[in-house]
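Hydrogens, waters and symmetry mates play no part in the numbers below; they use all other heavy atoms, side chains included.
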Amino acid sequence: MEVIICPDEHQVGRVAAERVVSWVQGLATPVLGLATGSSPLALYGELARRVAAGEADFSHGLGFALDEYVGIDPENPLSYRQTIRRTVVEPLRMEPSRVRVPDGAAPDLAAAAHEYDQAIRAAGGVDVQVLGIGSNGHIGFNEPTSSFGSRTRVKTLTQQTRADNARFFAAGEQVPTHCVTQGLGTIMEARHVVMVVTGSHKADAVAAMVEGPVAAVCPGSILQFHPSVLVVTDEAAAAGLKHADYFRYVADNLI
């Protein structure tokens, strides 16, 4: 696991975008795994800048979102379908029909989740998976105690996750209690993973993921077993890392 600590959110986006572009360069049909939330926004913003400048092209790519709420109208601005459209598809000039989001409104959620997993495999797998991490260590919506071998499926959101996401909903609106999420086993099949994390409220989760034991209570810790993971944080999110000085030393002495 490679960890790069940046002075601010802007630099986080630049470093992460540089790696994403290098990983997809030359691919006929790059397949991106797309996270929502606030953490990846700096990365998406920098990728969009590069697209606008003619320095990157994702128009021929495919996209698979990590997750979606259950029971939310797909046209609701708070659905992840619409969030991905606003923050990724349009800024990166991707073809909307080539970007999929789990169907949280399907009459048979289990069947829809299984089909989603199969669609990722049929596309040849994800080349670059973008991730954030929740304050409780979740990636995607794989909450603590999720199986490391799990596939795309329905999950019940923890009270902590719902409280964290309440800021996106208007007063009086209920945060959904369930989601459809790619499983940890699904995520681990991506060829490369880039995680972007900012803010002091994520410091404990980052420390547990990077330096703690690999344990289901911190789902993100499974990434310690992945062969190609880049974690890019700002100083605040890296505050709990005991080996932060070593990570800085490594970043300054790459060969």
Side-chain angles (χ1 to χ4, degrees), residues 1-9 11-13 15-17 19-20 23 33-43 65-67 126 128-152 155 157-165 179 181-251:
M1 182 180 289
E2 181 183 0
V3 179
I4 297 180
I5 302 170
C6 300
D8 54 40
E9 184 177 17
Q11 185 67 9
V12 167
V15 168
R19 191 64 60 88
V20 170
W23 278 333
L34 303 169
T36 52
S38 55
S39 292
L41 294 179
L43 164 58
L66 269 178
D67 38 39
V126 170
V128 180
Q129 176 64 62
V130 177
L131 293 176
I133 190 168
S135 59
N136 64 2
H138 74 235
I139 54 176
F141 270 137
N142 293 282
E143 300 283 31
T145 73
S146 289
S147 166
F148 283 167
S150 56
R151 312 301 304 184
T152 303
K155 281 293 290 182
L157 301 176
T158 64
Q159 291 180 326
Q160 178 64 56
T161 296
R162 295 182 68 227
D164 288 346
N165 288 3
C179 68
T181 183
Q182 288 187 36
L184 295 173
T186 309
I187 291 169
M188 287 291 286
E189 291 176 354
R191 294 175 184 84
H192 304 282
V193 173
V194 57
M195 176 180 284
V196 284
V197 197
T198 58
S200 59
H201 62 298
K202 298 293 182 71
D204 289 344
V206 169
M209 174 193 66
V210 174
E211 298 178 335
V214 177
V217 292
C218 179
S221 66
I222 192 177
L223 295 174
Q224 293 180 33
F225 287 130
H226 196 286
S228 180
V229 177
L230 172 66
V231 179
V232 191
T233 80
D234 64 2
E235 290 286 351
L241 292 172
K242 295 178 181 178
H243 297 87
D245 287 342
Y246 175 66
F247 297 136
R248 294 188 183 96
Y249 176 79
V250 170

Novice: Ala203 and Gly240: which non-hydrogen atoms are nearest, and at how many Å?
Specialist: CB-N, 4.1 Å
Novice: CE/Met195 to CD/Glu2 distance, rounded to the nearest 0.5 angstrom?
Specialist: 14.0 Å
Novice: Looking at Arg248, Lys242, His243, which one forms a side-chain hydrogen bond (donor to acceptor under 3.5 Å, both in side chains) with Asp245?
Specialist: Arg248
Novice: Could you tell me if the side chain of Asp234 sits less than 4.5 Å from the side chain of Asp8, heavy atoms only?
Specialist: no
Novice: Look only at the side chain of Gln129 and the backbone of Gly33, and say whether a donor-acceptor pair between them is shorter than 3.5 Å.
Specialist: yes
Novice: Does CD belonging to Glu143 count more than 12 external heavy atoms closer than 6.0 Å?
Specialist: yes
Novice: How many angstroms lie between atom OG1 of Thr158 and atom CZ of Phe141, to the nearest 0.5 angstrom?
Specialist: 9.0 Å
Novice: Of all heavy-atom pairs between Gly137 and Pro219, which one has the smallest distance, and what is that distance?
Specialist: O-CD, 3.4 Å
Novice: Please report the shortest heavy-atom distance between Ala215 and Phe148, naming the atom on each side.
Specialist: C-CZ, 3.6 Å
Novice: Measure the shortest side-chain to side-chain distance between Ile4 and Arg19 over non-hydrogen atoms and say whether it is less than 4.5 angstrom.
Specialist: yes
Novice: May I ask you to test the Val231-Phe247 pair for a side-chain heavy-atom distance under 4.5 Å?
Specialist: no
Novice: Is any side-chain heavy atom of Leu66 less than 4.5 Å from a side-chain heavy atom of Ile139?
Specialist: no
Novice: How far does NE2 of His138 sit from CG of Asp67, to the nearest 0.5 angstrom?
Specialist: 8.0 Å
Novice: How far does CZ of Arg162 sit from SG of Cys179, to the nearest 0.5 angstrom?
Specialist: 11.5 Å
Novice: Using the side chain to side chain contact (heavy atoms under 4.5 Å, CB included) rule, take Met209 and Lys202 through it: C-alpha gap first, then chi angles, then the decisive distance, then the call.
Specialist: CA-CA 11 Å; Met209 174 193 66; Lys202 298 293 182 71; over 6 Å; no
Novice: For Ser135 and Asp164, which heavy atoms make the closest approach, and how far apart are they?
Specialist: OG-OD2, 2.6 Å
Novice: Using 0.5 Å steps for rounding, measure from the CD atom of Gln182 to the CG atom of Leu34.
Specialist: 9.0 Å
Novice: Identify the heavy atoms of Ala238 and Thr233 that sit nearest to each other, and give their distance.
Specialist: CB-OG1, 3.3 Å
Novice: Tell me the closest heavy-atom pair linking Ser39 and Gly132, and the distance in Å.
Specialist: CB-CA, 4.3 Å
Novice: Roughly how far, to the nearest 0.5 Å, is OG of Ser150 from CD1 of Ile222?
Specialist: 7.5 Å
Novice: Can you find a pair of side-chain heavy atoms, one from Leu223 and one from Leu131, that are under 4.5 Å apart?
Specialist: yes
